[in-house]
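To find a chain, count down the sequence lines: A is the first, B the second, and so on, and within it residues start at 1.
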Number of protein chains: 2
Amino acid sequence: MQPKPDDIELRARRLEQGLRKAGIKLTHQRMVICREMASATGHPDADAVYKAVREKVPTIALDTVYRTLWMLLDLRLIDTLGIPRERTRFDGNAKPHHHFVCTKCGEARDFYSAAFELLEVPEEVRAFGDVQRTQVEVRGVCLRCLETSDSERRAKGAEERS
Amino acid sequence: MQPKPDDIELRARRLEQGLRKAGIKLTHQRMVICREMASATGHPDADAVYKAVREKVPTIALDTVYRTLWMLLDLRLIDTLGIPRERTRFDGNAKPHHHFVCTKCGEARDFYSAAFELLEVPEEVRAFGDVQRTQVEVRGVCLRCLETSDSERRAKGAEERS
DNA sequence: CTACATGCAAAGGGTTTGCACGACA
DNA sequence: TGTCGTGCAAACCCTTTGCATGTAG
């Protein structure tokens, strides 16, 4: 499960190149955070990254970790589990369904697909535990966000969400 | 998109029956929250439910809304977008992959599937906006949680998450 | 050298908790 | 009537922000 040393090196380099290409200064702190994300096998939260990174740079601040992680996310060099920067949202739709999620405003729309209901979970996954449900998450940018400026997006998304 | 009145009635009843079957008192507040979740077309957060419900019960408290929603969730009568009660977690895996998520401890494990990469997004969904990525989320209970008591779960999950 | 990044500490915002009062069974 | 639920307000925790200092390019 743990990536091979060569892999880690490769993945770290990809992140650092990504930052450089975006014209962002490669500070010591940022490189250490990139290395940490490159070698992480799980899905660490900011605090876990902070703790790991502090062993190499004891003076690093938690908010530096946050700033770097959001930056990597904005550049699509890393990802998040679920929807980033979102509070908990509830879903009262009892019928099996799937979601299209806008990565800009967070709007989530339900859709149905007979084909998606037929998905067979790989054997390997069934060994992880007791499988209860399978849902497809399609990520993208909704029509409104495609034609709306950044500043207005979140406001509109929040207000029309009901 | 808005459910038909009959549908709302049906969905509300399902929620209320669920609570009753679990031996939980059907208070006025809980019924109003059930009705709100039954008629919600979107994916409201606790505050949106609170605001809607306050029009019918102006004295209701936000924490009552939270308590009721978590209760409905625990009974699997409603669902959440993403993983409930979780802080943001980051994912450094650049290869296309999918997740098995434990609904008890929050642990998420990556897996790969050639079949899942071939999924065709329905036409209808492409009309929602610019589709960037499709990911399958398998939910269930991991092996460890199947044999571990409730109290130990979150602690273990948090500690081994890296 | 100069713009940008960091560390610190305090603020912010969502969610939870303790407790006394109120209401369902 | 007794137990469980509610409202209130304070506490909590994760995340963000403002600002003075430090540093990569």
Inset, instruction - Could you go through the salt bridge (charged side-chain N to carboxylate O under 4.0 Å, His left out) check for B:Arg89 and B:Glu86 one step at a time? - result: CA-CA 8 Å; B:Arg89 282 193 280 157; B:Glu86 276 290 328; 3.2 Å; yes

Inset, instruction - Using a cut-off of strictly less than 4.0 Å, decide whether B:Gln29 has a side-chain nitrogen or oxygen near OP1 or OP2 of D:dG7. - result: yes

Inset, instruction - Return yes if the base of C:dC8 and the side-chain atoms of A:Asp63 contain a donor-acceptor N/O pair under 3.5 Å, otherwise no. - result: yes

Inset, instruction - Can you tell me the distance, in whole Å, between the CG atom of B:Asp45 and the P atom of C:dG14? - result: 8 Å

Legend entry - Distance, rounded to the nearest Å, where B:Met71 contributes CE and D:dT6 contributes C1': 12 Å

Legend entry - More than 12 heavy atoms of other groups within 6.0 Å of B:Arg126 CZ: yes

Legend entry - Whole angstrom value for the distance that separates P of D:dC13 from CZ of A:Arg87: 21 Å

Legend entry - Residue closer to the 5' end of DNA chain D, B:Thr88 versus B:Ala61 (nearest nucleotide): B:Ala61

Legend entry - Donor-acceptor contact below 3.5 Å, side chain A:Gln135 vs main chain A:His97: yes

Legend entry - B:Arg67 (side chain) and D:dG7 (base): donor-acceptor pair under 3.5 Å: yes

Legend entry - Aromatic ring pairing A:Phe111/A:His98, orientation class (parallel under 30°, perpendicular over 60°, tilted between): tilted

Inset, instruction - Return no unless some side-chain N or O of B:Thr64 is found under 4.0 Å from OP1 or OP2 of D:dG7. - result: yes

Legend entry - Residue-phosphate contact under 4.0 Å: B:Thr27 side-chain N/O, D:dT6 OP1/OP2: yes

Legend entry - Atom-pair distance (CD on A:Glu86; C1' on C:dG13), nearest Å: 13 Å

Inset, instruction - In plain terms, say whether B:Asp79 and B:Arg139 are close enough for a salt bridge, that is, a side-chain N and a carboxylate O under 4.0 Å apart. - result: yes

Inset, instruction - Please state how far atom CZ in B:Phe90 lies from atom P in D:dC14, giving the value in whole angstrom units. - result: 13 Å

Legend entry - B:Thr59 vs D:dG7: side-chain N/O to OP1/OP2 distance below 4.0 Å: yes

Legend entry - Interatomic distance, B:Ile33 CD1 vs D:dG7 C1' [rounded to whole Å]: 13 Å

Legend entry - B:Arg20 CZ - C:dC24 C1' separation (whole Å): 12 Å

Inset, instruction - Give a yes/no answer on whether the side chain of B:Arg30 brings an N or O atom under 4.0 Å of OP1 or OP2 in D:dT6. - result: yes

Inset, instruction - Describe the nucleic acid contact of A:Leu62 in one word from base, sugar-phosphate, nothing, applying a heavy-atom distance below 4.0 Å. - result: base

Legend entry - A:Leu26 CG - D:dT23 P separation (whole Å): 17 Å

